[in-house]
Amino acid sequence: MKNEFYITTTLPYVNAAPHIGFASEIVLADVRARFERLQGKEVIFNTGTDEHGSKIWQKAQEERMDTQAYVDSYAAKFDELKEMLELSYTNFIRTTDENHKKAAQELWKRVDANGYIYKKQYRIKYCVGCELEKTDSELIDGFCPLHPGKELEIIEEENYFFKFSALQEKLLKLYRSNPEFVVPNKKFNEIKSFVEMGLEDFSISRLKSKMPWGVPVQNDDTQVMYVWFDALTNYISTLGWPDNQENFQNFWGTVESPNAIQIAGKDNLRQQSAMWQAMLLAADLPTSKKVFINGFIGVDGQKMSKSIGNVISPAEMVERFGIDGTRYLLITKGTFGEDNDISWEKMITKYNADLANGLGNLTSRVVKLSENLNLEIEKKDVIFEENNIRLMENFDVDKVLENIWLIVREDNKYIEDTKPWELAKKDEVKFNKVMEKLINDLNLISEMLIPFMPETSEKIKKALKTKERVILFERIK
RNA sequence: CGCGGGGUAGAGCAGUUUGGCAGCUCGUCUGGCUCAUAACCAGGAGGUCGCAGGUUCAAAUCCUGCCCCCGCAACCA
């Protein structure tokens, strides 16, 4: 059994503050990383920031900031999530890091050496009104929707292209031989049919004269890499590839035995499970082992957006629910892979029901009842049983929490049925026996909570030991 | 005939792969308890599983048609 575990989130693009969708992705990855550590694995958990590309460059220009200073400030904002959500990532890669740029250039070189890169004239449609490039899908009747009637300029530009089309068969073979390559299955079907329909080569460079903010293309001063080609490389540059082969093989894996787990939002299905895999195949590198695709979070039945004004930030959640409350709510928002709908109202209800009234109140009851006892806590060898391990490995983490909460309910009922506060006065033997079960159950709960709510897990253990009254989660409103 | 997802109790969701008494949380009603964070426990009410056909001993689940909602439509991170 391989002892090294590698998991990575996608790298958020630094043109906006961290939002809750990414927070949910990274918390899920964190739960998995902590779980694997508990199982005795050596874990590399990667995240970071994607910092190149025209949008960032333009934004920095608008704000009259030095581009590097601009991305530095955003990278810091994302790194703040580590403390804010008590994340345990081991690597934080920035695509402006020197070693990353070198890795991206090396990957380019290998893909090129294998004949998957070529140069061609590329025609773009440019709206003078917006001063922006437009794709056909953005146009209505051939005009920019914001400037109807204004003719679009056709600009010819020479760019490098990636022969995505030539990798269709290899990708399909990868999918065929790994029936769970993308989870959930419906997302896998979607990407399979996308690849089956045929692939179009895509441009992987930009003219430096128009947009200098990118990794330079070697041996061609006029071009920089298109942001996706550069950004995707982070998953291996973070491991020290190409220099550190040992680290790379241990964690990313080998062609025979890939080892890397990726988690991404559904907007990244194509990039992660097709484009990136094709790039790896084109360079004769091992592919990922599995790509987990998460759904989107909606608020009150609507898409989260600035114009609607319903954006919820992780910082706001932490302010209201605390770190572990926020982690709990993000993990239990719904089935992995589905779109989930949240609202403040629903979150407060769930927080009060599960955390304050459920786990928190049970802890208070047990701690108070055990005040004058000194019982030995049983050491459990097995914390997670087979079926929970399977659920964890499939990112059905909300179901594992449901299983933990079954114990919470069972114990509340058990207290009701056995009435330990009465037993304490008249039947010490029985009282001890009842309390033994309750204390051991609560201890088991605290062990199982380590990957999900590390701080709460500690608090419960401490309360069981010191018998000091503890409010784990204050009721809201 | 562009692609995909969804329509299950007042609300939010699971169950559909592999057909077998329709389940969970919240809310609501009634009762109980007092160790506990006005928390906890028991019981009840509440659903023609979007609509119409079909297959089957049996359909939320499989097949056909239709209606409604929501995303995406490739170089947009």
Side-chain angles (χ1 to χ4, degrees), chain A residues 10-16 49-56 95 122 124 132-138 159 161-162 164 184-187 189-191 193-195 197-206 226-232 265-271 274-275 295-296 298 301-303 332-335 337-343 345-346 348-350 352-371 396 398-399 402 405-406 408-409 411-424 434-435 438 469-476:
Chain A
T10 52
L11 296 197
Y13 199 58
V14 292
N15 63 346
T49 41
D50 178 4
E51 307 182 357
H52 287 127
S54 59
K55 281 201 176 161
I56 286 166
T95 58
Y122 172 49
I124 56 167
L132 275 179
E133 196 180 318
K134 297 279 164 182
T135 60
D136 283 337
S137 59
E138 288 176 303
N159 287 153
F161 274 72
F162 175 57
F164 197 28
N185 205 261
K186 45 185 146 191
K187 293 295 168 206
N189 289 336
E190 197 177 326
I191 197 65
S193 64
F194 168 74
V195 175
M197 280 189 300
L199 301 172
E200 269 181 38
D201 298 348
F202 58 89
S203 135
I204 50 171
S205 74
R206 291 290 184 270
Y226 173 57
V227 61
W228 274 112
F229 192 94
D230 142 37
L232 290 166
K266 70 175 186 181
D267 55 334
N268 261 268
L269 175 66
R270 281 175 195 171
Q271 291 86 333
M275 282 164 62
F296 277 172
Q302 287 176 302
K303 199 173 164 173
T332 58
K333 66 190 180 350
T335 305
E338 300 289 331
D339 287 353
N340 303 133
D341 193 63
I342 61 166
S343 69
E345 200 191 335
K346 277 191 281 185
I348 289 169
T349 302
K350 195 161 177 59
N352 280 335
D354 296 357
L355 297 179
N357 302 350
L359 180 64
N361 185 47
L362 177 70
T363 303
S364 292
R365 299 178 87 179
V366 174
V367 168
K368 174 76 194 207
L369 286 166
S370 68
E371 224 167 21
D396 286 322
D398 57 312
K399 306 229 164 35
E402 262 173 42
W405 255 255
L406 286 179
V408 173
R409 291 206 179 82
D411 284 355
N412 267 326
K413 182 170 161 49
Y414 185 70
I415 294 176
E416 212 64 35
D417 293 347
T418 54
K419 301 193 194 328
W421 58 91
E422 281 179 16
L423 292 177
V434 166
M435 289 313 297
L438 290 172
R469 200 180 112 95
V470 62
I471 302 285
L472 293 179
F473 301 96
E474 200 83 49
R475 266 183 75 85
I476 293 179

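Heavy-atom basis, side chains included; hydrogens, waters and symmetry copies ignored. Predicted model only: the values in this text are computed from it and were never measured. Letters A, B, ... are given to chains in the order of the sequence lines, protein chains preceding strands, and every chain is numbered from 1.
To the nearest angstrom, P of B:A36 lies 11 Å from CD1 of A:Ile415. Across the protein-nucleic acid pair, A:Glu422 atom CD and B:C40 atom P stand 20 Å apart, rounded to whole Å. Between the CG atom of A:Asn268 and the C1' atom of B:G71 there is a distance of 16 Å, rounded to whole Å. The interatomic distance linking A:Lys55 (NZ) with B:C75 (C1') rounds to 12 Å, in whole Å. Atoms CZ (A:Phe202) and C1' (B:C75) sit 8 Å apart, rounded to a whole Å. We find that NZ of A:Lys419 is positioned 13 Å from P of B:G32, with the value rounded to whole Å.
Judged purely by atom type and a 3.5 angstrom limit, A:Thr418 has no side-chain atom pairing as donor or acceptor with the backbone of A:Val434. When atom types are taken as modelled, the side chain of A:Asn352 and the backbone of A:Arg475 share no donor-acceptor pair closer than 3.5 angstrom.
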Inset, instruction - Verify salt bridge (charged side-chain N to carboxylate O under 4.0 Å, His left out) between A:Lys187 and A:Glu190, making sure each step is shown before the conclusion. - result: CA-CA 5 Å; A:Lys187 293 295 168 206; A:Glu190 197 177 326; 3.7 Å; yes
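Nucleic acid contact for A:Phe162: none, since no nucleic acid atom lies under 4.0 Å from a heavy atom of the residue. Contact annotation for A:Leu199: base contact, defined as any heavy-atom pair under 4.0 Å involving a base atom. Among the atoms of the strands shown, base atoms are found under 4.0 Å from some heavy atom of A:Gly198.
When every heavy atom of A:Val227 is checked against every heavy atom of A:His52, the shortest pair comes out as CG2-O, 3.4 Å. Nearest heavy atom pair, residue A:Leu199 against residue A:Val195, reads CD2-CA, 3.9 Å. Nearest approach of A:Ile415 to A:Leu438, heavy atoms of both residues: CG1-CD1, 3.7 Å.
Between B:C75, B:A74, B:G5, one nucleotide has an atom nearer to the side chain of A:Lys186 than all others, and that is B:G5. The side chain of A:Glu190 lies closest to B:G4, out of B:G4, B:C75, B:C40. With B:C35, B:C40, B:C13 as the choices, the nucleotide that has an atom nearest any side-chain atom of A:Leu369 turns out to be B:C35. The side chain of A:Tyr226 approaches B:C76 more closely than any other nucleotide in the set B:C40, B:C76, B:G12. Taking only side-chain atoms of A:Lys266, from C-beta outward, the nucleotide of B:G6, B:C35, B:G71 with the closest atom is B:G71.
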Inset, instruction - Using Watson-Crick or G-U wobble pairs with both distances under 3.5 Å, give me RNA chain B in dot-bracket, 5' to 3', with [ ] for crossers and | for pairs to another strand. - result: .(((((((.[[[[.)....(..]]]].(((((.......))))).....[[[[[..)....]]]]])))))).....
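Straight-line distance between the C1' atoms of B:G46 and B:U25: roughly 16 Å, to the nearest whole Å. A gap of 31 Å separates the P atoms of B:U48 and B:G4, to the nearest Å. Here the separation of B:C62 from B:G71, taken at their P atoms, is 26 Å to the nearest Å. B:G5 sits 25 Å from B:G53 when the C1' atoms are compared, rounded to a whole Å. Distance check on atom C1': B:A60 versus B:G50 gives 12 Å, rounded to whole Å. The separation of B:C26 from B:A42, taken at their P atoms, amounts to 11 Å, rounded to a whole angstrom. Distance check on atom P: B:G54 versus B:U16 gives 26 Å, rounded to whole Å.
Checked against side chain to side chain contact (heavy atoms under 4.5 Å, CB included), A:Ser343 has the following partners two or more places apart in sequence or in another chain: A:Asp300, A:Glu345, A:Lys346. Considering only residues two or more places apart in sequence or on other chains, A:Glu416 meets the salt bridge (charged side-chain N to carboxylate O under 4.0 Å, His left out) condition with A:Arg365. Under the salt bridge (charged side-chain N to carboxylate O under 4.0 Å, His left out) criterion, A:Lys333 pairs with no residue, sequence neighbours left out.
Cation-pi check for A:Lys266 over A:Phe296 is met; the charged atom lies under 6.0 angstrom from the ring centroid and within 45 degrees of its normal.
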Pairs under 3.5 angstrom, nitrogen or oxygen only, protein versus nucleotides 14-17 of chain B, please.
unit_1, atom_1, unit_2, atom_2, d
B:A14, OP1, A:Thr335, OG1, 3.4

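Taking 4.0 Å as the cut-off between side-chain N and carboxylate O, A:Glu338 and A:Lys186 count as a salt-bridged pair.
When the nearest nucleotides of RNA chain B are assigned to A:Ser54 and A:Asp354 by heavy-atom distance, the more 5′-ward of the two goes with A:Asp354. Across the interface with RNA chain B, nearest-nucleotide mapping of A:Ala353 and A:Pro420 shows A:Ala353 to be the residue nearer the 5′ end.
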Legend entry - Summary of protein contacts for nucleotides 41-47 of chain B, nucleotide by nucleotide, where a base hit scores B, a sugar-phosphate-only hit scores S (4.0 Å, heavy atoms): SS-----
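The side-chain ring of A:Trp421 is stacked on the base of B:C35, judged by centre separation under 5.5 angstrom and plane angle under 30 degrees.
Rounded to the nearest 0.5 angstrom, A:Phe202 CZ and A:Tyr226 OH are separated by 8.5 Å.
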